[in-house]
There are 4 protein chains.
Amino acid sequence: MLNRVILIGRLTRDPELRYTPAGVAVTQFTLAVDRPFTSGGSKEREADFINIVTWRQLAETCANYLRKGRLTAVEGRIQVRNYDNNEGKRVYVTEVIADNVRFLESSNSAGNREEGGSNANASYGGGSSGNRGGGSREQQDPFIDDGKPIDISDDDLPF
Amino acid sequence: MLNRVILIGRLTRDPELRYTPAGVAVTQFTLAVDRPFTSGGSKEREADFINIVTWRQLAETCANYLRKGRLTAVEGRIQVRNYDNNEGKRVYVTEVIADNVRFLESSNSAGNREEGGSNANASYGGGSSGNRGGGSREQQDPFIDDGKPIDISDDDLPF
Amino acid sequence: MLNRVILIGRLTRDPELRYTPAGVAVTQFTLAVDRPFTSGGSKEREADFINIVTWRQLAETCANYLRKGRLTAVEGRIQVRNYDNNEGKRVYVTEVIADNVRFLESSNSAGNREEGGSNANASYGGGSSGNRGGGSREQQDPFIDDGKPIDISDDDLPF
Amino acid sequence: MLNRVILIGRLTRDPELRYTPAGVAVTQFTLAVDRPFTSGGSKEREADFINIVTWRQLAETCANYLRKGRLTAVEGRIQVRNYDNNEGKRVYVTEVIADNVRFLESSNSAGNREEGGSNANASYGGGSSGNRGGGSREQQDPFIDDGKPIDISDDDLPF
DNA sequence: TTTT
DNA sequence: TTTT
C-alpha cells in the first residue's frame, strides 16, 4: 500500500550503468549508511550497505554524476526479488528502487551546487506529469537497443 | 532539495472539491494526526490539524472516496505559500501537497480492501504513469549472467 | 547518516516472539506491501514481502496485538546483516528494524480504535531509550530456528 | 497516528538558541528547500521556507554547528500551534519539530566528515529519551520576541 | 473551525 | 523576513 525509503550515505564504489537488451538504462550502486550508534563494546561505527537501483533517465544521470565516496541522498521504495540460483535454491534480493537522487557533494569541493545532476528524479509518463500543476516532461525515451546484452557476472553482484 | 512527508490520521470533515478557472480539480481537507504523547499533566491526547491539498485526478478520487472521520495515509511535500490579506498584512500558509493517498478505511466496515479508491496516487498522463522505477519480475533475476542475453521484451516492462 | 523507512501492508502470518538468552524480546513478522502497479501484461497485483524486526517493549506489544492479515504501518530503518551458512557461504539478510508500529485494524471490525496497542513506539517502555532499534550482529542469523534458544549475549545488543 | 517529515535544504540565517525559564534549550531556524520544478514561465527556481524547532541537547548542538547557508538534513514531525495575537485573532503556526539533524556541510570546505556535530539526534543526551521532540503549547507563541524571557514552565513540556 |  |  505504501512503501517509502529515504537514505543518506556514501557510494562504496563507482555506479555501474548497463542496458537491458531493449536498451533500457539501469544503474546500480551501493550506499554505505552509517548507523546512529556503535554496537557492543566496540567504538568503531558500523554501516549498512544498501543496494540501490535506478532506471532510465535517472540511471544515466547517476552514472554521469555519482562517484565512489560521494555523499548522496536517495528516495525510493524497497523491492524484494527472488530467483533460483545454480544449485536450484531460491535466493531473495532486497534493493531500493530509487526515484529521486540528490547529489550532496560535487566533484569540485567548492562551488557548483546547482549543476544539472543535483536535481535528478524519476518522472515517467507521456505528456503531463507530476504533482505540480505544471510540467516536467523528459526529453527523450531511453528505450534504445544498442544491441549489446548486459555484461554482469555473479561475482560483480554484492549479494 | 528533498521534501517528503508521510502522515496517517483522520479527516476532520468531508473533503472540498473545487476547480480553478482553467478547470483543474483541487481538493482540500484537514487531517487530524494524534500526537505520540500527552502534554503537560493532562491525559487527553492532542492532535495536529494538518491541511492537505491534492490536484487533478487525485483530487477527484479523494473527493469521491474520502469522508469525515476516515483513517487515511497521505504522502507528499510541505509547501509554504504567502499572500497579503485584506489589511495588507502578509499571511503564511503551510500545506501538504499530496501525491499519494491511501484510504485505510472504506465505507462498508468489512471487506472490500481492494476497491478502486484505495490506491489513489498522483500519476498523470494517459496509459503510462507514475513513480515506479522498474524491474519487478518475480520469476527471473535479470542480473544473473547465464551467458544468454536477458529475456525481457518491452512488453514485460511496467512503464 | 540517515535511514528511514515507512511501510503500510498486511502481515503474512502471525508474528513470532522470541527471547534472547539475556531475556530481550524480539518479534519478527513479514509485511506484504502491494506494489503501486501491475507488472507485465498480467493484471494481478504483486507485492513485496518485507521482513520486520522489533525489539523489547515494542516486540511484546506487536506479538500481543498483531495478527495475520492485519493492515499495519511500520516505521524504522533498513538493516543489512550477514552470516555464514552451514556451507560456509556468506548470506546477506535485509530487514526493517521498526521503532514505530501502528495497528490500523483491530480485532473487532468496528470500534476500539484507541486500544493500547494502536500506539506502539520504541521510545516507550521502562528504561528504554531512543530511536535506534537494535540487532546488528554480523555473524549469525537469530531467526534460523534450530530448536535451541537464540545465541546472543547482552553485549551484542547495541543498547 | 504517524507523522514523519524529511527535508534537505539550506539555513536562511544562523540558528537562534533560547532557553525557557526552566532552562530548556530551544533552537529555531528556517530551511530553504528548493522545489523540484520551476513555476509558471519563469526559470528561477523557487523554494519553500520551513521553520524548524529543536529542543534540549539537539538544540545546543544545532546552535553550535549550523550556520547560514549550510546544507542540512532534518527529520521530524509537523506540529501546528496556535495562539491569539495582540488583536485577539487566532494565528496558526506550522513548524517541523526535529529529532534528527544531519550536518551535510562542515565549516571547513574539505575534510572532516565525521566531526561530532554530524550525528545530532534527539535520542541522545543526558536522561532524555525518545523520538518525541517537544513543544506543543497551544496558547502562546514562544518565538514572539517581546524582550522578556520565554514564558514556559516545565509542566508545559511534554517530556 | 477540528478526527476517533 | 529568506538559502545556494
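Lettering follows sequence order; numbering is per chain, from 1.
Heavy atoms of B/Y92 sit under 4.0 angstrom from at least one base atom.
Counting to the nearest Å, the C1' atom of F/dT4 and the CD atom of A/E105 are 16 Å from each other. As rounded to whole Å, 15 Å separates atom P of E/dT2 from atom CD of B/Q28. The distance from atom CD of D/E16 to atom C1' of F/dT1 is 11 Å, rounded to the nearest whole Å. Rounded to whole Å, atom P of E/dT3 lies 10 Å from atom CZ of B/R13. At whole-Å resolution of the value, CD1 in B/I50 and P in E/dT3 are 15 Å apart. Protein atom CD1 of B/I8 is 20 Å distant from nucleotide atom P of E/dT3, rounded to whole Å. We find that CG of D/D14 is positioned 20 Å from P of F/dT1, with the value rounded to whole Å. Separating the CZ atom of B/F29 from the P atom of E/dT3 is a distance of 16 Å, rounded to the nearest angstrom.
Picking from F/dT1, F/dT3, E/dT2 the nucleotide with the shortest atom distance to the side chain of D/R10 gives F/dT3. Of the candidate nucleotides E/dT3, F/dT3, F/dT2, F/dT3 has the atom nearest to the side chain of D/A32. The side chain of D/A47 lies closest to F/dT3, out of F/dT2, F/dT3, E/dT3. Of the candidate nucleotides F/dT3, E/dT3, E/dT2, F/dT3 has the atom lying nearest to any side-chain atom of D/F49. Taking the side chain of D/R90 as heavy atoms from C-beta on, and the options E/dT3, E/dT1, F/dT3, the nearest nucleotide is E/dT1.
Salt bridge annotation for B/R77-D/D48: present, with a cationic side-chain nitrogen under 4.0 angstrom from a carboxylate oxygen.
Partners of A/R67 according to the salt bridge (Lys or Arg N to Asp or Glu O under 4.0 Å) rule, which considers only residues two or more places apart in sequence or in another chain, do not exist here. Residues satisfying the side-chain contact (heavy atoms from CB on, under 4.5 Å) criterion with B/A25, sequence neighbours excluded, are B/L17, B/Y19, B/A59, B/E60.
With values rounded to the nearest 0.5 angstrom, D/F37 atom CZ is found 7.0 Å from D/E46 atom CD.
Counting heavy atoms of neighbouring residues, nucleotides and ligands inside a 6.0 Å radius, atom CZ of D/R13 exceeds 12 of them.
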